[in-house]
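Input: a single structure, listed below in structure tokens.
Every chain is numbered from 1 and lettered A, B, ... according to where its sequence line falls, protein lines coming before strand lines.
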2 protein chains.
Amino acid sequence: MKYSLSEENYLKAIYHLEKIAATGVATNAIAEQMETKPSSVTDMVKKLSEKDLVNYIKYQGVTLTEKGRKTALTIIRKHRLWEVFLVDKLNFHWDQVHEIAEQLEHIHSEELISRLDKFLGEPDFDPHGDPIPDKHGNIKRTEKKLLSDLDKNQGGVCVGVKESSAEFLQYLDKKKITIGTKIKVLGKEFFDGSMVILVGKDQSFISKKTAENLYVQTN
Amino acid sequence: MKYSLSEENYLKAIYHLEKIAATGVATNAIAEQMETKPSSVTDMVKKLSEKDLVNYIKYQGVTLTEKGRKTALTIIRKHRLWEVFLVDKLNFHWDQVHEIAEQLEHIHSEELISRLDKFLGEPDFDPHGDPIPDKHGNIKRTEKKLLSDLDKNQGGVCVGVKESSAEFLQYLDKKKITIGTKIKVLGKEFFDGSMVILVGKDQSFISKKTAENLYVQTN
DNA sequence: ACAATATTTTAGTCTTATCTAAAATTTAAT
DNA sequence: ATTAAATTTTAGATAAGACTAAAATATTGT
């Protein structure tokens with residue numbers, strides 16, 4: 001099945017919101033995510049429901065059906081594979097690729113994605129450390145922690161970011177932190193949650209907010 | 001300026017039709033090319049005229065303005081660069097890439113195309129032998145050339161013969177080559193100047209002498 | 001419990017791009 | 001030079017997706 005740009009974007013948004021909200025995803029939440037109005041969301045959600053992509057009961061929010069989840073995951077797969085292409089092959093910086101990938105993710109061609117995947121070496125993670133679903137929609141789940149949850153002297157490898165705004169990514173760059181960077185907590189200030197950490201060989205000071213948006217793999 | 005998918009497709013169609021029709025491009029011709037109805041064309045053409053992309057006088061067909069031509073050429077540039085990507089990097093066959101490139105050509109990002117161009121080695125021709133406009137919309141305008149002067153992978157349309165003996169013309173007939181036939185150079189032998197060429201869908205072997213007597217148009 | 005507030009849905013409108021049917025204009029034929 | 005035929009335009013309708021304003025339902029605070 002081929003879905004419209006709008007339908008695909010809604011599915012993606014609902015998928016991401018479903019991970020956060022334990023209950024059915026609220027109309028208002030979708031509206032905010034999509035930068036549209038709640039009434040528009042209601043209309044679209046009805047249409048997606050007709051197509052068996054979401055479960056929808058009036059006033060009770062939305063959940064993805066299996067079909068909807070699979071569809072969302074193929075779009076996310078495409079988005080992340082294109083991001084790898086943009087960074088690895090075209091040498092874009094990791095904070096420049098989101099907007100372009102938002103467009104590329106809607107190109108319809110299974111063959112294209114299959115070949116792109118091979119061309120890129122069948123990567124498991126995108127440039128922000130997010131996992132790339134395989135063609136069946138399976139995600140390689142690795143437990144990752146927020147840097148803010150590490151204790152003093154604990155260390156790990158940066159594997160992703162929670163927030164991926166260009167501002168934050170550029171800030172991380174300035175701090176010489178990127179996917180794969182080794183980090184160790186040298187000190188943690190109790191009163192404001194700020195940290196002194198070791199980044200490679202240099203000390204760095206980061207705020208609680210930063211630590212709460214950086215995922216590390218500890219092993 | 002950013003134009004809609006539909007607007008871009010109309011501009012492209014008009015560009016291609018303008019090369020054939022000496023006069024203003026007919027509404028019906030556009031409708032056929034776009035697989036739509038003449039009345040739809042009239043509507044769109046009015047809109048393009050408002051935006052100063054085409055010159056339009058009722059009942060007298062359309063021509064592209066300078067702005068329209070430039071815009072059409074950037075879309076064609078994108079289309080052809082993506083085709084090179086699909087064939088050279090993803091190993092698609094040259095007859096599989098058109099449909100996918102039709103989608104990719106509408107991705108909006110100058111930076112992307114600039115980097116893609118570099119990544120591909122700034123190619124001058126697409127996999128079908130069509131020339132790739134540069135970022136300013138300039139096409140390597142090659143008026144009619146001798147087939148023997150073409151490089152590998154370059155293509156063109158047969159537009160004439162240098163020698164017009166019956167023998168030669170009969171030979172061309174046997175080779176299924178006539179005015180308007182599309183030809184692409186698949187291989188060129190250095191030592192005797194002979195060529196393997198694609199005539200329509202079939203391969204053919206021709207001598208240097210033959211190639212030196214065939215004019216092709218490469219744009 | 002029940003009023004106040006927040007959320008969600010409905011109803012009706014708008015825009016873009018398309019269509020059909022009918023009218024206007026141009027081109028071709030005798 | 002008229003008429004017939006083909007082309008093009010207009011007028012009005014439709015579908016997708018979004019919006020506003022108002023109505024319906026849920027949630028919250030006391």
Side-chain angles (χ1 to χ4, degrees), chain A residues 1-14 17-18 20-64 68 71-72 75 102-103 105-106 108, chain B residues 1-14 17-18 20-64 68 71-72 75 102-103 105-106 108:
Chain A
M1 293 308 130
K2 239 162 79 173
Y3 303 105
S4 76
L5 198 111
S6 226
E7 288 170 333
E8 291 192 352
N9 283 333
Y10 271 94
L11 289 175
K12 210 173 35 133
I14 295 166
L17 291 167
E18 215 174 35
I20 300 165
T23 165
V25 180
T27 302
N28 259 5
I30 299 172
E32 195 182 349
Q33 178 90 0
M34 300 280 303
E35 296 185 317
T36 181
K37 303 290 169 182
S39 56
S40 307
V41 174
T42 301
D43 287 347
M44 179 56 87
V45 148
K46 280 180 183 168
K47 201 169 62 155
L48 295 176
S49 176
E50 300 276 290
K51 297 190 179 182
D52 194 32
L53 292 164
V54 303
N55 305 114
Y56 169 61
I57 308 170
K58 269 192 191 180
Y59 294 103
Q60 285 182 220
V62 205
T63 56
L64 291 175
T71 306
I75 300 160
E102 287 282 296
Q103 297 179 64
E105 72 189 5
H106 299 292
H108 292 292
Chain B
M1 295 308 131
K2 238 162 78 172
Y3 302 106
S4 77
L5 198 109
S6 226
E7 289 170 331
E8 292 192 351
N9 283 332
Y10 271 93
L11 288 176
K12 211 172 34 130
I14 296 166
L17 291 167
E18 215 175 36
I20 300 165
T23 163
V25 179
T27 303
N28 260 5
I30 300 171
E32 194 183 349
Q33 177 91 359
M34 300 280 304
E35 296 184 316
T36 182
K37 302 291 169 183
S39 56
S40 307
V41 174
T42 302
D43 286 347
M44 180 55 88
V45 148
K46 280 179 184 169
K47 201 167 62 153
L48 295 176
S49 176
E50 299 277 291
K51 297 188 180 183
D52 195 31
L53 292 164
V54 302
N55 305 115
Y56 169 61
I57 308 170
K58 269 192 192 181
Y59 294 102
Q60 286 182 220
V62 204
T63 56
L64 291 174
T71 306
I75 300 160
E102 287 282 295
Q103 296 179 63
E105 73 188 5
H106 300 290
H108 292 291

Inset, instruction - Please list, chain by chain and in numerical order, all residues satisfying side-chain contact (heavy atoms from CB on, under 4.5 Å) with A:Thr27, sequence neighbours excluded. - result: A:Pro38, A:Val41, A:Thr42
Inset, instruction - List for me each residue that meets side-chain contact (heavy atoms from CB on, under 4.5 Å) alongside A:Asp52, sequence neighbours excluded, and say none if there are none. - result: A:Thr65, A:Lys67
Set of residues satisfying salt bridge (charged side-chain N to carboxylate O under 4.0 Å, His left out) with respect to [X], sequence neighbours excluded:
{"X": "A:Glu105", "answer": "A:Lys12"}
{"X": "B:Lys46", "answer": "none"}
{"X": "A:Glu32", "answer": "none"}

Quick one: which protein N/O atoms are closer than 3.5 Å to N/O atoms of nucleotides 22-27 of chain C? Pair and distance per line, please.
unit_1 : atom_1 : unit_2  : atom_2 : d
C:dT25 : O4'    : B:Tyr59 : OH     : 3.3

Given [N], is OP1 or OP2 found less than 4.0 Å from the side-chain N or O atoms of [X]?
{"X": "A:Tyr56", "N": "C:dT9", "result": "yes"}
{"X": "B:Lys46", "N": "D:dT9", "result": "no"}
{"X": "A:Asn28", "N": "C:dT8", "result": "yes"}
{"X": "B:Tyr10", "N": "C:dT16", "result": "no"}

Inset, instruction - Please check if atom NZ in A:Lys51 has more than 12 non-hydrogen atoms from other residues, nucleotides or ligands closer than 6.0 Å. - result: yes
Inset, instruction - Give the rounded distance in Å between these two atoms: CD of B:Glu7 and C1' of C:dT15. - result: 13 Å
Legend entry - Residues which pass side-chain hydrogen bond (donor to acceptor under 3.5 Å, both in side chains) with A:Lys58, listed by chain and number, not counting sequence neighbours: none
Legend entry - Listed partners of B:Asn55 passing side-chain hydrogen bond (donor to acceptor under 3.5 Å, both in side chains), at least two apart: B:Thr63
Legend entry - Stretch residues 30-45 of chain B: residues that reach within less than 4.0 Å of DNA chain D through a heavy atom: B:Pro38, B:Ser39, B:Thr42
Legend entry - Given DNA chain D, 5'-ward residue of the pair A:Ser4 and B:Val25, judged by closest heavy atom: B:Val25
